[in-house]
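Everything numeric in this text was worked out from a predicted model, so none of it was measured. Chain identifiers are assigned alphabetically (A, B, ...) following the order of the sequence lines, protein sequences preceding nucleic acid strands; residue numbering begins at 1 within each chain.
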There are 2 protein chains.
Amino acid sequence: MPEERHPDHAPLELEHFLPYRLSILSNAVSQAIADDYQRRFDLSMTEWRVMAVLARFDGLSAREVAERTLMDKVAVSRALAKLVEAGWVTRATHDGDKRRSVLGLSEAGWAVHEIVAPMAREHERNLLSRLDEEERTWLLRILDKLQAIEPK
Amino acid sequence: MPEERHPDHAPLELEHFLPYRLSILSNAVSQAIADDYQRRFDLSMTEWRVMAVLARFDGLSAREVAERTLMDKVAVSRALAKLVEAGWVTRATHDGDKRRSVLGLSEAGWAVHEIVAPMAREHERNLLSRLDEEERTWLLRILDKLQAIEPK
DNA sequence: TGCAATTGGTTTCATATGTAACTATAACGC
DNA sequence: GCGTTATAGTTACATATGAAACCAATTGCA
């Protein structure tokens, strides 16, 4: 049953190697979306992710944003610098703890969100439309299992 | 049936957004593997990909390597510089066309390959072992469909 | 209290990556 | 043949990213 197709040390066929395939697919998908809002708002993927979590959770600190986006704090710090500068995110200092910042979307930030969120969803729909209902169900289930441990 | 759970402009839930999930998973997987051979051979992911295709296709030109790895030619050029320097890849000039290089793994390069390829396969096996046979079959089928168009 | 250890966040530096410009060679059209 | 155009590959520059050092505020605890 193992078929013994390739001994373990045989040259890898990248196009059949799962991590490679995931990487290519993921990059293509994310890049296509990012290109879209990058052109319209000069917004990087990391910056958009920060805005997305602030849209859901108002008042987070930078560290909390980092947790929710799985970005490191340096990346978050930089994204915030640009977003605050652009006027899309507001930053105040926490009452009881002067180290912490209190972040949120500004009016202008919400306006951007209002446009970008549907764009992102549209891309996702497009992608999923290549699958039938059964495949979509399996995909979600498989992703759940694969992600169960990995994202350390 | 559409359930109308979130209007199109509602805040995105990143953790349920397919492109985001793919990105997180893919990065976690690739990084885990890369860490492994990076530590042992100071070999970057792009460099390893170049070695992998040269293991399969001896004598390629740099452009052909770029095509097979989906990397751009600058990235390939840089990877090759390091690999040739390290003595893992040999570079000659094409007979009939002095622009073209003729690339291949050196003895030492094969020795590295002999170690890294099994490491990579081991990681892949590990990942796939979280799925049962049916899920694995669906996954491959789904990847085929999702990749059909995307990687422009 | 008072000082060591921790935490939130930014800055610095070294490295990686992408785009455009550039060099050398080869192919094409006449 | 000879100028134009295309191709293989490298270099230069500008930007992105990650790790470690850093600063300031807070916490833990003798």
Side-chain angles (χ1 to χ4, degrees), chain A residues 23-24 26-28 30-32 34-35 37-39 42-50 53-54 57 59-86 89-104 152, chain B residues 23-24 26-28 30-32 34-35 37-39 42-50 53-54 57 59-86 89-104 152:
Chain A
S23 166
I24 297 300
S26 163
N27 287 345
S30 288
Q31 203 46 59
D35 283 352
Y37 52 69
Q38 201 124 35
R39 257 204 331 283
D42 186 30
L43 190 64
S44 76
M45 196 172 72
T46 59
E47 286 151 19
W48 164 246
R49 284 182 183 173
V50 168
V53 312
L54 290 179
F57 307 100
L60 291 187
S61 70
R63 188 185 55 72
E64 292 166 326
V65 169
E67 274 171 15
R68 299 226 170 240
T69 53
L70 297 188
M71 294 162 56
D72 73 85
K73 61 179 186 168
V74 178
V76 170
S77 171
R78 286 196 265 243
L80 286 173
K82 266 203 59 186
L83 292 171
V84 171
E85 164 70 22
V89 165
T90 60
R91 169 158 49 187
T93 300
H94 186 96
D95 272 2
D97 184 343
K98 286 183 230 162
R99 292 170 305 180
R100 217 170 281 182
S101 44
V102 178
L103 304 161
K152 54 163 176 323
Chain B
S23 167
I24 297 300
S26 163
N27 287 345
S30 287
Q31 204 45 59
D35 283 351
Y37 54 68
Q38 201 124 37
R39 257 204 332 282
D42 185 31
L43 190 65
S44 75
M45 196 172 73
T46 59
E47 285 151 20
W48 164 247
R49 284 182 183 173
V50 169
V53 312
L54 289 179
F57 308 99
L60 292 187
S61 70
R63 187 185 56 73
E64 291 166 326
V65 169
E67 275 170 15
R68 298 228 172 241
T69 53
L70 297 189
M71 294 163 55
D72 74 85
K73 61 179 186 169
V74 178
V76 170
S77 172
R78 286 197 265 244
L80 285 173
K82 266 204 56 185
L83 292 171
V84 170
E85 164 71 22
V89 165
T90 60
R91 170 157 51 186
T93 300
H94 187 97
D95 273 4
D97 185 344
K98 285 183 232 164
R99 292 170 304 180
R100 219 169 280 183
S101 45
V102 178
L103 304 161
K152 52 156 181 327

For B/K98, which residues count as a side-chain contact (heavy atoms from CB on, under 4.5 Å) partner, sequence neighbours excluded?
-> B/T93

By side-chain contact (heavy atoms from CB on, under 4.5 Å) - contacts of B/A75 (at least two apart) | B/M71, B/D72

Applying a 4.0 Å non-hydrogen cut-off, can you work out what [X] is touching in the nucleic acid: base, sugar-phosphate, or nothing?
X     : answer
B/K98 : sugar-phosphate
B/S61 : sugar-phosphate
A/S44 : nothing

Span of DNA chain C, from the first to the last nucleotide whose atoms fall under 4.0 Å of chain B heavy atoms = C/dT17 to C/dA26

Hits for salt bridge (Lys or Arg N to Asp or Glu O under 4.0 Å) against A/R100, two or more places apart or cross-chain, chain-then-number order -> A/D97

Kindly write out the residues that satisfy salt bridge (Lys or Arg N to Asp or Glu O under 4.0 Å) with A/D95, not counting sequence neighbours, or none if the list is empty.
-> none

Rounded distance in Å - [atom1] ([X]) to [atom2] ([N]):
X     : N      : atom1 : atom2 : answer
B/M71 : D/dT10 : CE    : P     : 12 Å
A/L43 : D/dT15 : CG    : P     : 17 Å
A/K73 : D/dC23 : NZ    : P     : 14 Å
A/D72 : D/dA16 : CG    : P     : 15 Å

[X]: partners by side-chain hydrogen bond (donor to acceptor under 3.5 Å, both in side chains), with sequence neighbours left out:
X     : result
B/R91 : none
A/S23 : B/R49
B/D35 : B/Q31
B/K73 : none

B/L103 side chain reached by B/L80 side chain, heavy atoms, under 4.5 Å = yes

Residue pairs, two or more places apart or on separate chains, that pass side-chain hydrogen bond (donor to acceptor under 3.5 Å, both in side chains) and touch residues 59-71 of chain A = A/S61-A/E64, A/R63-A/E67

In a check of side chain to side chain contact (heavy atoms under 4.5 Å, CB included) between B/L60 and each of B/V65, B/V102, B/V50, which one passes?
-> B/V65

Please tell me which of B/A62 and A/T46 maps to the more 5' nucleotide of DNA chain D, matching each residue to the nucleotide holding its nearest heavy atom.
-> B/A62

Classify every nucleotide of nucleotides 2-7 of chain D by which part a protein heavy atom approaches to under 4.0 Å, writing B for the base, S for the sugar-phosphate alone and - for neither, in 5'-to-3' order.
-> ----BB

Residue-level proximity of residues 74-82 of chain B to DNA chain D when a heavy atom falls under 4.0 Å = B/V74, B/S77, B/R78

